[in-house]
Amino acid sequence: MLCGLGRVGWRVFESVRAAGLDVIVIDTQIATHDPRLHGARAIKGDARRQEVLEQAGIKDAGGVVIVTGDDLVNISAALLIRRLNPTARIVVRMFNQNLLTRFGSAVKNTVALSVSALTAPLLALTAVCDDTLGVFKLSDGPRQISEFVVAASSHLAGQLLRAFLIENDLIAFALAPVGGSTPQFLLDVPLDRVLESGDRLVVCGPTPRLRPILERERGNLLPGVRWAGIIRRWLRTARRTLLEIDLSVKIATPILFLTILASTLVFRYGFETDWGEGLYQTVSLVATGSELHGEGRPQWAKVFLSILKLAGTALIAAFTAILTQYLIRARLGGALEVRRVPDGGHVVICGLGNVGFRLVDELTNMGERVVVIERVNDNSFVATCRRKGVPTFIGDATLAEVLRQAHAGAAKAVIAATSSELVNLEIALLVREINPELRVIVRLTDPQFAEAVREAADIRHAISVSALAAPAFTAALFGDRVQTLVTTVGRTLVVIEVVVDADESHLVGKSLRAMLLDYHMVLVGMAGHDIQNLRGYRLAVGDRLTVVAELPDLERLIRRKPFPTDHGVLLESFPITAKESLQTVIRALRHCTTEEAQTILNQVPCTLTEGLTAGEAQELIEQLHRERIQARSIRMS
């Protein structure tokens with residue numbers, strides 16, 4: 001059951017249907033005969049109403065995904081659904097960062113996901129590292145997926161691919177050989193290939209290991225943060241402060257000081273006092289209205305003192321009121337932000353919503369300097385960002401002057417992350433005018449619109465956040481968690497965390513290698529294990545595997561679809577030195593005696609074993625090949 005068909009809801013609907021699941025949709029505005037539903041049943045109504053849920057068959061639902069745009073609606077619907085169906089798995093979209101983790105742990109069999117939390121790491125890493133396709137986190141740190149072309153002058157040319165990957169702790173996801181040969185993906189990547197200039201590689205690994213390789217192969221080192229001198233920064237702050245001051249403050253201030261100067265001159269030359277005494281008497285009269293008797297003074301002096309008292313009182317009152325109002329509006333805070341803005345090499349974030357604030361967190365945790373531009377002054381994240389030491393400007397990022405104040409033209413990257421797709425596109429095009437070479441990351445929703453922006457406007461990093469997040473909601477129905485989804489060399493790859501449950505009898509006790517071969521996956525991480533030392537490992541209940549698979553294989557993986565055991569292994573030949581080990585293999589496979597194993601070997605070529613899946617057969621063949629034993633997989637009739 002899917003509740004909510006907004007921007008994210010439609011992407012989730014497509015993802016759930018791609019997984020081969022029957023879907024019933026509940027939405028307050030859906031047209032029940034919408035052709036985009038492809039015949040799926042739709043109910044127009046509020047998912048917080050019991051009669052609507054019962055009409056949709058809530059008691060028979062195996063899982064519910066709630067993705068409306070309101071946290072209160074999502075929570076209310078989730079609690080009602082949990083009461084009506086205690087066993088259904090519930091996946092809830094959440095915006096509130098504080099509720100995100102707490103709600104999922106408080107309500108049993110419920111998972112709370114945030115679109116911003118799922119997509120912000122990718123946007124952040126794309127800003128820092130060009131050609132970043134995806135990012136995900138393992139227990140020992142983040143992993144980055146990137147692609148690059150082997151440069152003509154690269155030391156990688158002529159190096160064995162397997163040696164390069166081992167040396168740099170990387171995993172190959174795809175290889176597009178130079179010359180237009182067919183690209184190879186995941187398990188099909190030829191690790192024994194010698195790399196050539198022009199080969200296109202898609203690899204995954206720790207960011208610190210991958211970043212130097214990318215910079216070297218691209219030949220354009222990313223700029224470091226550049227700071228102006230302290231004098232220049234404070235002069236810049238003073239100039240910005242003067243520009244920010246209201247006209248009324250600018251008028252009242254010089255009048256007040258001119259009055260003080262004129263009065264001091266009168267005391268000095270008219271009353272023949274010292275300069276210091278004249279200034280003291282003036283300030284006393286203006287600021288405190290203290291008594292200054294006029295006995296023995298000429299009439300003009302009495303008139304002057306009276307006027308000075310009245311004018312001083314009025315000027316001080318006006319100046320105090322106007323300046324206080326200016327400070328209360330905190331516009332001076334924006335002026336002071338200028339001194340903390342680098343001259344270049346930083347990342348500019350436009351828009352401080354849920355995604356924007358997540359980006360600030362991700363980038364500052366990576367050690368990057370960040371500057372934020374937010375249109376709304378009372379945004380709840382502004383004060384938090386400033387406390388984190390992040391310069392935050394209140395202004396419209398669609399104005400060139402505002403971007404120049406943030407030194408966007410010399411930045412490492414600009415991220416347009418507002419909630420409006422039109423505004424984000426406008427920001428991106430404006431940044432391109434300021435600096436055509438600048439990296440721009442654009443947050444969009446519609447994947448087709450994002451693709452059109454990439455192709456027509458030549459903005460490479462136009463990213464649909466809803467398309468990236470949607471598979472995560474589908475996988476959560478099965479207890480799995482999609483880490484990221486990337487598109488490269490014409491294929492879509494999904495990084496997903498898989499949990500082995502006790503009721504998955506076809507997986508428990510199965511060889512890890514055979515499972516990877518059957519589902520055509522590559523292992524990138526396993527909680528509590530070093531993936532380099534898992535040869536011969538058999539799956540156990542509770543194992544958490546992080547794997548990458550192609551999108552067409554995702555449905556089989558999510559549903560744990562068992563594979564037919566219709567394969568066998570045909571033994572063709574073997575060296576005499578492998579005879580003893582081969583007898584041991586036959587005895588284990590056939591559960592026979594040594595004499596029976598010897599009899600089988602005397603009948604080569606012969607069938608070693610039957611009743612295997614394709615992956616199990618391939619694993620056995622790999623094991624035999626290490627002993628130089630020739631064998632091949634056959635399908636049994």
Side-chain angles (χ1 to χ4, degrees), residues 136-141 143 162 165-166 168-173 185-189 191-192 203-206 475 478-483 493-550 553-554 556-565 567-569 578 581-582 584-591 608-609 611-627 629 631 633:
F136 59 96
K137 294 181 180 179
L138 297 179
S139 57
D140 59 344
R143 294 294 188 272
R162 186 190 304 274
L165 297 174
I166 294 174
N168 295 281
D169 191 21
L170 303 177
I171 299 173
F173 281 6
F185 294 85
L186 302 179
L187 296 176
D188 298 329
V189 173
L191 300 181
D192 294 327
V203 295
C204 168
F478 298 88
D480 299 335
R481 185 161 63 95
V482 170
Q483 297 274 27
L493 306 177
V494 183
V495 179
I496 182 171
E497 184 182 69
V498 178
V499 182
V500 179
D501 290 333
D503 57 352
E504 295 173 337
S505 57
H506 63 289
L507 291 184
V508 177
K510 182 172 181 174
S511 165
L512 171 62
R513 176 62 179 166
M515 174 197 175
L516 297 175
L517 290 168
D518 275 333
Y519 288 101
H520 202 258
M521 304 181 303
V522 169
L523 182 69
V524 295
M526 184 171 177
H529 296 272
D530 180 2
I531 63 173
Q532 303 299 331
N533 300 311
L534 289 175
R535 178 177 292 180
Y537 184 84
R538 294 194 171 272
L539 297 171
V541 175
D543 280 344
R544 306 182 73 89
L545 316 174
T546 302
V547 298
V548 58
E550 292 190 57
D553 297 322
L554 181 63
R556 291 188 305 171
L557 175 61
I558 287 178
R559 302 187 73 174
R560 305 292 195 274
K561 183 178 180 180
F563 285 81
T565 54
H567 281 71
V569 174
S581 61
L582 188 53
T584 304
V585 171
I586 294 175
R587 289 173 57 191
L589 292 173
R590 295 286 190 95
H591 303 289
L608 278 183
T609 186
L612 304 179
T613 67
E616 290 169 338
Q618 181 61 34
E619 180 190 26
L620 178 56
I621 292 171
E622 291 175 354
Q623 178 184 345
L624 296 174
H625 282 178
R626 287 194 290 269
E627 299 288 339
I629 300 171
S633 175

Grab the two heavy atoms, one from [X] and one from [Y], that are nearest each other, plus how far apart they are.
X    : Y    : result
V498 : V547 : CG2-CG2, 4.0 Å
K510 : T613 : NZ-OG1, 3.9 Å
E616 : G611 : OE1-O, 4.5 Å
V189 : A172 : CG1-CB, 4.0 Å
G525 : L138 : CA-CD1, 4.1 Å
A578 : S581 : O-OG, 3.0 Å

Distance from [X] atom [atom1] to [Y] atom [atom2], nearest 0.5 Å?
X    : Y    : atom1 : atom2 : value
D169 : Q532 : CG    : CD    : 7.0 Å
L512 : M521 : CG    : CE    : 8.0 Å
H520 : E550 : NE2   : CD    : 6.5 Å
I629 : L582 : CD1   : CG    : 4.5 Å
R143 : C204 : CZ    : SG    : 7.0 Å
N533 : M526 : CG    : CE    : 12.5 Å

key: Test item: R590 side-chain N/O and L608 main-chain N/O as donor-acceptor pair under 3.5 Å   = yes
message = I'd like to know if the side chain of D543 reaches the main chain of V500, judged simply by a donor and an acceptor atom lying under 3.5 Å from each other, with no hydrogens or angles considered.
response = no
task = Kindly check if the number of other-residue, nucleotide or ligand heavy atoms within 6.0 Å of CZ (R626) is above 12?
result =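 More than 12 heavy atoms, drawn from other residues, nucleotides or ligands, come within 6.0 Å of this atom.
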I want to check something: taking the side chain as every heavy atom from C-beta on, are [X] and [Y] in contact at a cut-off of under 4.5 Å?
X    : Y    : value
L516 : L545 : no
L589 : L620 : yes
L517 : F563 : no
I531 : I171 : yes

Worked check of side chain to side chain contact (heavy atoms under 4.5 Å, CB included) between V585 and Q623 = CA-CA 10 Å; V585 171; Q623 178 184 345; 4.1 Å; yes
